[in-house]
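Values below: every heavy atom of this structure, side chains too, minus hydrogens, waters and symmetry copies. Position 1 is the first residue of the sequence; numbering continues from there. First listed ligand is number 1; within each ligand, the first listed atom is number 1.
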Amino acid sequence: MREFLEEKFPELNQISDPELRDKTIKVMIEAVDLSGFGQAELEKVPFTLLIPGTPISLIDHIRAVTETALKMAEVVNKAYPDRIKINIDYLLVGGLLHDIGKFAEYKSENGKFVKSDFGRLVRHPFSGAALALKHGLPAEVIHLIGTHAGEGDKGYRSPASVVLHHADFTNFEALGGKI
Ligand SMILES: [Fe+2]
């Protein structure tokens, strides 16, 4: 599974800290284990159930959101060097893991992806944050995963989380997604 994930998420190679990279992969592996999906199914999991029949996979979405967030962070870090210093490694990991819990949030039923019983009770910001804590990822990353979606609307969002949240919604609403 490690090789499969490294191939599907080449951005893992951009994480400069090898320990952080290793922990990130361990979280991915455990999220995939929790989902019960095999490799072929993993590639077909859609990024959302709110756009019925979307051909965009969760893997492609995670990669696009990560890339969008990195570009946004590059701009704001450069534009406001005295005010904003987003840690690029942490943002990269947060991007790669923000929706990793979605694999366990969905299940395949009669050829269709639907919410799993687990997913109805534990949305991906919770499962992803729990797995990140379990594998020793830093608080900054746990915060990114836990606050990127609606769950983060009423509390504090770090500058990195603001970026990731908008990168995520850009890659949802621009495709016609509505909450
Ligand atoms: Fe997302």
* Please say whether more than 12 non-hydrogen atoms of neighbouring residues, nucleotides or ligands are located less than 6.0 Å from NZ in K115. => yes
* Asked: Do I86 and V162 share a hydrophobic cluster, counting only Ile, Leu, Val, Met, Phe, Trp and Tyr and linking them when any side-chain heavy atoms are less than 4.5 Å apart?
  -> no
* Asked: So, K23 and E19, do they make that salt bridge, N to O below 4.0 Å?
  -> yes
* Structure fact -> Listing protein N, O or S under 2.8 Å around the Fe ion (ligand 1) gives H61 NE2, H98 NE2, D99 OD2, D168 OD1
Side-chain donor/acceptor pairs under 3.5 Å, residues 123-136, sequence neighbours excluded:
| unit_1 | atom_1 | unit_2 | atom_2 | d |
| --- | --- | --- | --- | --- |
| R123 | NE | E151 | OE2 | 2.6 |
| R123 | NH2 | E151 | OE1 | 3.0 |
| R123 | NH2 | E151 | OE2 | 3.4 |
| H124 | ND1 | E105 | OE1 | 2.8 |
| H124 | NE2 | D99 | OD1 | 3.0 |
| H124 | NE2 | H148 | NE2 | 3.3 |
| S127 | OG | H124 | O | 3.4 |
| K134 | NZ | E30 | OE1 | 3.2 |
| K134 | NZ | E30 | OE2 | 2.6 |
| H135 | NE2 | E30 | OE1 | 2.6 |

Check: residues 167-174 side-chain donor-acceptor pairs under 3.5 Å, at least two apart:
| unit_1 | atom_1 | unit_2 | atom_2 | d |
| --- | --- | --- | --- | --- |
| D168 | OD1 | H61 | NE2 | 2.9 |
| D168 | OD1 | H98 | NE2 | 3.4 |
| T170 | OG1 | H166 | O | 2.6 |
| N171 | ND2 | T68 | OG1 | 3.1 |
| N171 | ND2 | A167 | O | 2.8 |

* To do: With sequence neighbours excluded, tell me which residues meet ring-ring contact (aromatic ring centres under 6.0 Å, His included) with F9.
  => none
